[in-house]
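To keep things clear, I will list the structure first and then write my remarks on it.
For clarity, every value in this text was computed on a predicted model and none was experimentally measured. Whatever order the structure lists them in is the order used to number ligands and atoms, beginning at 1.
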Amino acid sequence: MNGIEILGAGSFTPDFIADNDKFSEILDTSDEWIFPRTGIKQRHIASDIPNYYMGAQAAKAALADANVNAVDVDLIIVSTCTPDFFYPAMSCLIQKRIGADRAACFDVNSACTGFITSLDIAHGYLATGKYRNILIVSSEKLSQQVDYTDRASSILFGDAAGAVLITAGDKPFYSYLGAEGDEFEALYCKANYETNCPWYGDIDGFYENKFDTPQKQHFLVQDGKAVYKFAVNAMANAVKNAINGHYDVSEIDIVIPHQANLRIIEKATELLGISSDKVYTNIEHMGNVSSACIPICFSELKSSGRIKSGMKICFVGFGAGLTYGAVVIEV
Ligand code: UT7
């Protein structure tokens, strides 16, 4: 069986905490509004460090947990939608910082679904035997894209990183990835090019339309209701498509969902008929850290001894794109 084995996991969380009361100092909002609607009490903000630094710290923690040296990493896949640079890939900066000199490097951006996409790509490489040790780092600094004058979106997001080191294993691995590009305007952050190219035309009014209005130019823009509606069904469908009759949903021991909104998680898992005691969340103290949510949750579960041999674990998420996906593994 062409599966994976998770050798180690780690995470990094910046020190600065913005709780709901801090948001009510800058916006017309309150803990009474935020907590019941989202499940969020606080989020961490990387106020003085770049994204790649968080990723490197999480990567080091995962390598230490696995007891594997950085030079033995064959490939680094970084998932991020908030990179410090358009290029080079953030994986190259992390490679340098952790000393993984032999590793090939590339980044993946499927927004909040990025960890699941990366795991699926890594699984494909491991199945061919091309690489032995693959480090997946999901590192996100949403605070550099969030519009802190928008109370409907800014209260959701935080900064942090999670990482896992994986190798080929002999247990089952099932996955499903999907996307609905038609819905891309529900959640986007436009690339900010200040070009002086004199030969630009304008296909589809792209440069003249709403994407270029000053207040939206550099920031994350979200239609919260549209994303919410999409997310509930997308998460449930992703899990069903991933297991595709190989298991009954009731056999899954732990579900680690993308931590976007506690109500989305509760509705999606209710649709699947999964009892809430099998669903792990840390959204209350972390907020939404995009693709980093799932590996951070996994790392928390692993370090607290709750991952037991033989368990069936389901990772499921959704994000800008709109993308969605799930991976089910046995550990
Ligand atoms: O990784 C994917 C990331 N994105 C998501 O998962 C987003 C999914 N969507 C959501 O989680 C919810 O749509 C939100 C939590 C973002 C918003 O909740 P909602 O129930 O959809 O609120 P809404 O945007 O429809 O706004 C309802 C009211 C509005 O006031 P009026 O027009 O009814 O007077 C908003 O202005 O709530 C107001 N509002 C707020 N009030 C206090 C919106 N945000 C806030 C706020 N504090 N932070």
Side-chain angles (χ1 to χ4, degrees), residues 18-43 79-82 108-117 138-160 162 177-181 183-189 215 219-236 238 256-269 271 279 281-284 286-297 315-326:
D19 62 13
N20 292 346
D21 290 341
K22 276 209 163 56
F23 275 82
S24 37
E25 287 166 18
I26 59 165
L27 290 169
D28 180 14
T29 189
S30 61
D31 182 58
E32 290 69 35
W33 193 95
I34 298 170
F35 184 62
R37 278 176 183 78
T38 66
I40 300 168
K41 279 273 181 199
Q42 63 169 55
R43 51 316 266 146
S79 76
T80 189
C81 58
T82 53
V108 165
N109 177 2
S110 53
C112 305
T113 316
F115 177 73
I116 289 165
T117 311
S138 299
S139 190
E140 303 282 9
K141 186 169 171 169
L142 276 307
S143 61
Q144 60 195 352
Q145 294 179 352
V146 160
D147 176 359
Y148 286 94
T149 67
D150 177 11
R151 64 179 180 173
S153 64
S154 59
I155 50 103
L156 298 173
F157 298 100
D159 305 332
L177 297 177
E180 290 187 16
E183 301 265 355
F184 90 91
E185 288 179 57
L187 181 52
Y188 65 85
C189 180
Q215 53 294 30
F219 292 125
L220 178 157
V221 178
Q222 173 173 268
D223 176 346
K225 283 216 185 307
V227 177
Y228 190 108
K229 212 170 133 206
F230 167 84
V232 171
N233 291 318
M235 294 228 285
I256 304 181
H258 172 47
Q259 310 283 306
N261 181 321
L262 194 58
R263 289 192 300 152
I264 293 176
I265 294 171
E266 286 168 354
K267 286 260 182 296
T269 46
L271 258 185
V279 182
T281 64
N282 67 3
I283 187 169
E284 183 169 338
M286 290 297 293
N288 180 349
V289 287
S290 190
S291 72
C293 292
I294 293 174
I296 293 172
C297 286
F315 305 112
V316 56
F318 67 93
L322 294 171
T323 56
Y324 60 109

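In terms of protein heavy-atom proximity, atom 47 (N) of ligand 1 is nearest to T29 OG1, 2.6 Å. Nearest to atom 4 (N) of ligand 1 among the protein's heavy atoms is Q222 OE1, 2.7 Å. The protein atom (non-hydrogen) at minimum distance from atom 25 (O) of ligand 1 is K225 NZ, 2.8 Å. Looking only at heavy atoms of the protein, atom 14 (C) of ligand 1 is closest to A152 O, 4.5 Å. Distance from atom 39 (N) of ligand 1 to its nearest protein heavy atom, with residue and atom name: W33 CZ2, 3.4 Å. Protein heavy atom at the shortest distance from atom 11 (O) of ligand 1 is N261 ND2, 2.8 Å.
Taking a cutoff of 4.0 Å between a charged side-chain nitrogen and a carboxylate oxygen, D31 and K41 qualify as a salt bridge.
In this structure, C112 counts as a contact residue of ligand 1, since one of its heavy atoms falls inside 4.0 Å of the ligand. Distances from ligand 1 to the non-hydrogen atoms of F318 include at least one value under 4.0 Å.
Shown here are the side chain to side chain donor-acceptor pair (under 3.5 Å) partners of S24, two or more places apart in sequence or in another chain: there are none. Partners of S110 by side chain to side chain donor-acceptor pair (under 3.5 Å), not counting sequence neighbours, listed by chain and number: T117.
Backbone and side-chain nitrogen or oxygen atoms of T38 are examined, and none is located within less than 3.5 angstrom of a nitrogen or oxygen of ligand 1. For the pair R151 and ligand 1, the shortest N or O to N or O distance falls below 3.5 Å.
Looking at L262, T269, I265 one by one, the single match for side-chain contact (heavy atoms from CB on, under 4.5 Å) with P257 turns out to be I265.
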